[in-house]
Amino acid sequence: MIITVGNTKGGVGKTTLAVNLAIARALDGRDVWLIDGDRQGTASSAIALRGQSGKAPGVACAQYTDGTALRGQVLQQRNKFDDIVIDAGGRDSTALRAALVLSDVLLVPFAPRSYDVWALDDMAALVDEVRSVRDGLRAFAVLNLADPGAGSDNVEAEAAVAEVKQFEYLETPIRRRKAFSNAGGAGLCVLEIMPRDFKAISELKALKEAVFDMQRTSKED
Ligand SMILES: Nc1ncnc2c1ncn2[C@@H]1O[C@H](COP(=O)(O)OP(=O)(O)O)[C@@H](O)[C@H]1O
Ligand SMILES: [Mg+2]
């Protein structure tokens, strides 16, 4: 399956979730290719650290910030992998557009602050554009960096996403936890780091299952 973790907004957790999901799938025994579509190269640096430390399972990683290169490489190499996870952002990013044309699923992380929720409109417009040239793109929105103490974040986020018909809201929020930032930056997954954070582990597992379970029914317009 090809999944893009994308949002034109920065700092919402695209790289953190892309790295964690890619490694979690590798731990399930899948051959995973993580593509870094961001000029800043945060995901590729993280996976390079993982490689240097010899941590198994390995995750293949490449950086293509240009849409044409990303498209060409994915078309050429996609049969070699079980899953391809693309980390892409930037309002005018050709990589994000190219990634969306090739993806089965778009996962849009957003943070529980109103301006991040509004930024969903930006992504909704992109989803419309992609759906005008191809069928079958599933688009999910997931709350990231939610306050560990407050359930109201979820209620507000769900209501905001319900306004944007392009997205299905995933009821598997990821909360603000040190385990996620520590893991992502080191090229590790929260399933691997010690001491174990069982809340982070169960949040990531729930998200992984929701995203990679294609049996979910579509949101009705
Ligand atoms: N669930 C989380 N809990 C704690 N820190 C997080 C979480 N998600 C992201 N972060 C931190 O927030 C910052 C932005 O995340 P990042 O994944 O780099 O966002 P993006 O790729 O969208 O710009 C990073 O410092 C990251 O470690
Ligand atoms: Mg990033």
Side-chain angles (χ1 to χ4, degrees), residues 3-24 34-50 59 61-66 70 84-100 103 105-113 115-120 122-123 126 139-151 153-154 157 167 170-193 195-208 210-211:
I3 166 177
T4 294
V5 185
N7 193 335
T8 49
K9 189 160 173 37
V12 292
K14 292 181 297 291
T15 302
T16 303
L17 296 188
V19 168
N20 270 280
L21 286 171
I23 297 171
L34 178 62
I35 296 181
D36 189 343
D38 194 324
R39 254 168 257 289
Q40 289 177 354
T42 318
S44 13
S45 311
I47 296 300
L49 279 178
R50 181 181 185 83
V59 171
C61 185
Q63 185 180 15
Y64 306 113
T65 55
D66 167 67
L70 187 148
I84 301 177
V85 180
I86 307 171
D87 172 11
R91 186 179 290 263
D92 300 315
S93 150
T94 58
L96 175 57
R97 285 160 190 273
L100 290 187
S103 292
V105 167
L106 163 66
L107 176 67
V108 181
F110 66 100
R113 293 183 300 273
Y115 55 85
D116 280 345
V117 176
W118 294 334
L120 282 176
D122 217 30
M123 289 304 293
L126 252 182
F140 298 122
V142 70
L143 185 61
N144 181 34
L145 289 160
D147 187 341
D153 278 357
N154 294 343
F167 294 110
L170 290 182
E171 287 167 34
T172 53
I174 300 284
R175 296 179 190 280
R176 193 182 341 103
R177 301 186 191 285
K178 279 211 172 66
F180 284 109
S181 40
N182 291 345
L188 297 172
C189 169
V190 292
L191 306 176
E192 299 172 309
I193 59 164
R196 285 184 187 281
D197 179 334
F198 290 102
K199 289 181 179 164
I201 289 172
S202 77
E203 285 171 1
L204 181 69
K205 283 187 171 168
L207 175 63
K208 183 192 71 172
V211 163

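Read the numbers this way: they start at 1 and go in the same order the structure lists the ligands and their atoms. Model, not experiment: these values are computed from the prediction.
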(message) side-chain contact (heavy atoms from CB on, under 4.5 Å), that's the test. Do F110 and N144 meet it? Break it down for me.
(response) CA-CA 6 Å; F110 66 100; N144 181 34; over 6 Å; no
(request) Before giving the answer on side-chain contact (heavy atoms from CB on, under 4.5 Å), spell out for T8 and L96 the whole-Å C-alpha distance, their side-chain angles and the decisive distance to 0.1 Å. (result) CA-CA 9 Å; T8 49; L96 175 57; 4.1 Å; yes
(request) Given side-chain contact (heavy atoms from CB on, under 4.5 Å), test K199 with V190 step by step and report yes or no. (result) CA-CA 10 Å; K199 289 181 179 164; V190 292; over 6 Å; no
(request) Run the numbers on L70 and I86 for side-chain contact (heavy atoms from CB on, under 4.5 Å), then give the verdict. (result) CA-CA 10 Å; L70 187 148; I86 307 171; 4.2 Å; yes
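Contact residues of ligand 1 (protein heavy atom closer than 4.0 angstrom to a ligand atom; sorted by chain and number): G10, G11, V12, G13, K14, T15, T16, N144, L145, I174, R175, R176, R177, F180, S181.
Sorted by chain and number, the protein atoms of type N, O or S within less than 2.8 Å of the Mg ion (ligand 2) are T15 OG1.
For N7, there are no side-chain hydrogen bond (donor to acceptor under 3.5 Å, both in side chains) partners, not counting sequence neighbours. Among residues two or more places apart in sequence or in another chain, the salt bridge (Lys or Arg N to Asp or Glu O under 4.0 Å) test is passed with D122 by R91.
Counting heavy atoms of neighbouring residues, nucleotides and ligands inside a 6.0 Å radius, atom CD of E192 exceeds 12 of them.
The CZ atom of R177 lies 11.0 Å from the CD1 atom of I201; values are rounded to the nearest 0.5 Å. Atom-to-atom distance recorded for I174:CD1 and T16:OG1 is 10.0 Å, nearest 0.5 angstrom.
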